[in-house]
Amino acid sequence: QVRLVESGGGLVQAGGSLRLSCAASGSIYNIKTMAWHRQAPGKQRELVATIASGGSTNYADSVKGRFTISRDNAKNTVYLQMNSLKPEDTAVYSCNADISPRVMAGGYMAYWGQGTQVTVSS
């Protein structure tokens, strides 16, 4: 089965940096857009950043200039480099991707990781 696993979360001080990784594994034919979301307790889930297969990116206004999304297609991995972190960035960060499993090549489904906690202290 296809699955996504995030890593790299943790506790950092305001102004610090953290790099999240999300690796897709399993029998994969192709991956289109990959993205990072976040959700704080009592808050709605927020789309943080997306990156298309061709490399084009989009960011939420709240993270522009501070976060950078990237991907390594050879490793089926998406990254989120987070700089100048603020307490408001504290949330569970989840990755998702539109993936075509080999068993249904050309047919895409949305997959989600389990999430990784990012806590920014002030």
Side-chain angles (χ1 to χ4, degrees):
Q1 293 184 347
V2 174
R3 70 172 187 165
L4 300 174
V5 179
E6 301 98 334
S7 62
L11 174 64
V12 297
Q13 295 182 1
S17 298
L18 209 58
R19 190 193 194 210
L20 305 182
S21 299
C22 175
S25 62
S27 184
I28 296 171
Y29 174 72
N30 194 34
I31 302 177
K32 290 185 176 179
T33 301
M34 305 184 82
W36 287 96
H37 296 74
R38 67 185 182 185
Q39 186 170 28
K43 302 289 186 178
Q44 295 181 347
R45 190 186 304 276
E46 175 188 18
L47 177 62
V48 176
T50 66
I51 182 166
S53 58
S56 62
T57 59
N58 284 284
Y59 298 92
D61 288 340
S62 58
V63 306
K64 283 183 179 177
R66 300 188 298 119
F67 291 10
T68 302
I69 188 171
S70 61
R71 64 192 287 169
D72 185 336
N73 292 328
K75 297 180 179 179
N76 288 332
T77 299
V78 61
Y79 306 93
L80 186 67
Q81 178 65 48
M82 305 184 294
N83 298 325
S84 301
L85 283 162
K86 305 174 181 179
E88 307 93 90
D89 296 319
T90 296
V92 174
Y93 285 71
S94 302
C95 70
N96 89 292
D98 297 322
I99 300 174
S100 175
R102 279 204 277 266
V103 70
M104 52 180 292
Y108 289 82
M109 297 178 62
Y111 291 83
W112 289 82
Q114 81 290 344
T116 185
Q117 178 70 47
V118 172
T119 302
V120 184
S121 64
S122 59

For [X], which residues count as a side-chain contact (heavy atoms from CB on, under 4.5 Å) partner, sequence neighbours excluded?
{"X": "Ser94", "result": "Glu6, Arg45, Val92, Trp112"}
{"X": "Asn73", "result": "Arg71"}
{"X": "Asp72", "result": "Ala74, Lys75, Tyr79"}

Please list all pairs passing the salt bridge (Lys or Arg N to Asp or Glu O under 4.0 Å) test where one or both residues lie in residues 84-111, with sequence neighbours left out. Arg38-Asp89, Arg66-Asp89
Contacts satisfying salt bridge (Lys or Arg N to Asp or Glu O under 4.0 Å) that involve residues 7-26 (not counting sequence neighbours) are none
Can you see which heavy atom on [X] is nearest to which on [Y], and at what distance?
{"X": "Leu4", "Y": "Ala24", "answer": "CD2-CB, 3.2 Å"}
{"X": "Pro101", "Y": "Gly107", "answer": "CD-O, 3.7 Å"}
{"X": "Ala49", "Y": "Leu80", "answer": "CB-CD1, 4.4 Å"}
{"X": "Thr68", "Y": "Tyr59", "answer": "CA-OH, 3.4 Å"}
{"X": "Ser70", "Y": "Ile51", "answer": "CA-CD1, 3.7 Å"}
{"X": "Ser17", "Y": "Asn83", "answer": "OG-OD1, 2.9 Å"}

Nearest-0.5 Å distance, [atom1] of residue [X] to [atom2] of residue [Y]:
{"X": "Ser27", "Y": "Ile99", "atom1": "OG", "atom2": "CD1", "answer": "11.0 Å"}
{"X": "Leu11", "Y": "Thr119", "atom1": "CG", "atom2": "OG1", "answer": "6.0 Å"}
{"X": "Glu46", "Y": "Trp36", "atom1": "CD", "atom2": "CH2", "answer": "14.5 Å"}
{"X": "Thr57", "Y": "Ile69", "atom1": "OG1", "atom2": "CD1", "answer": "7.5 Å"}

Please step through side-chain contact (heavy atoms from CB on, under 4.5 Å) for the pair Thr90 and Gln117, ending with a clear verdict. CA-CA 8 Å; Thr90 296; Gln117 178 70 47; 4.0 Å; yes
hydrophobic_cluster_shared for [Y] and [X], side chain cutoff 4.5 Å:
{"X": "Met82", "Y": "Leu47", "result": "no"}
{"X": "Tyr108", "Y": "Val103", "result": "no"}
{"X": "Val12", "Y": "Leu20", "result": "yes"}

For residues 84-122, which residue pairs pass the disulfide (SG to SG under 2.5 Å) check, not counting sequence neighbours? Cys22-Cys95
Test side-chain contact (heavy atoms from CB on, under 4.5 Å) on Val5 and Gln114 and set out the steps. CA-CA 7 Å; Val5 179; Gln114 81 290 344; 4.2 Å; yes
Between Ser122 and Gln13, a side-chain donor and acceptor under 3.5 Å: no
Audit row: Val48, Phe67, side-chain contact (heavy atoms from CB on, under 4.5 Å) steps and yes/no: CA-CA 9 Å; Val48 176; Phe67 291 10; 3.7 Å; yes
Run the numbers on Tyr93 and Leu18 for side-chain contact (heavy atoms from CB on, under 4.5 Å), then give the verdict. CA-CA 12 Å; Tyr93 285 71; Leu18 209 58; over 6 Å; no
Inspect the surroundings of OH in Tyr29 and state if more than 12 heavy atoms from other residues, nucleotides or ligands are less than 6.0 Å away. no
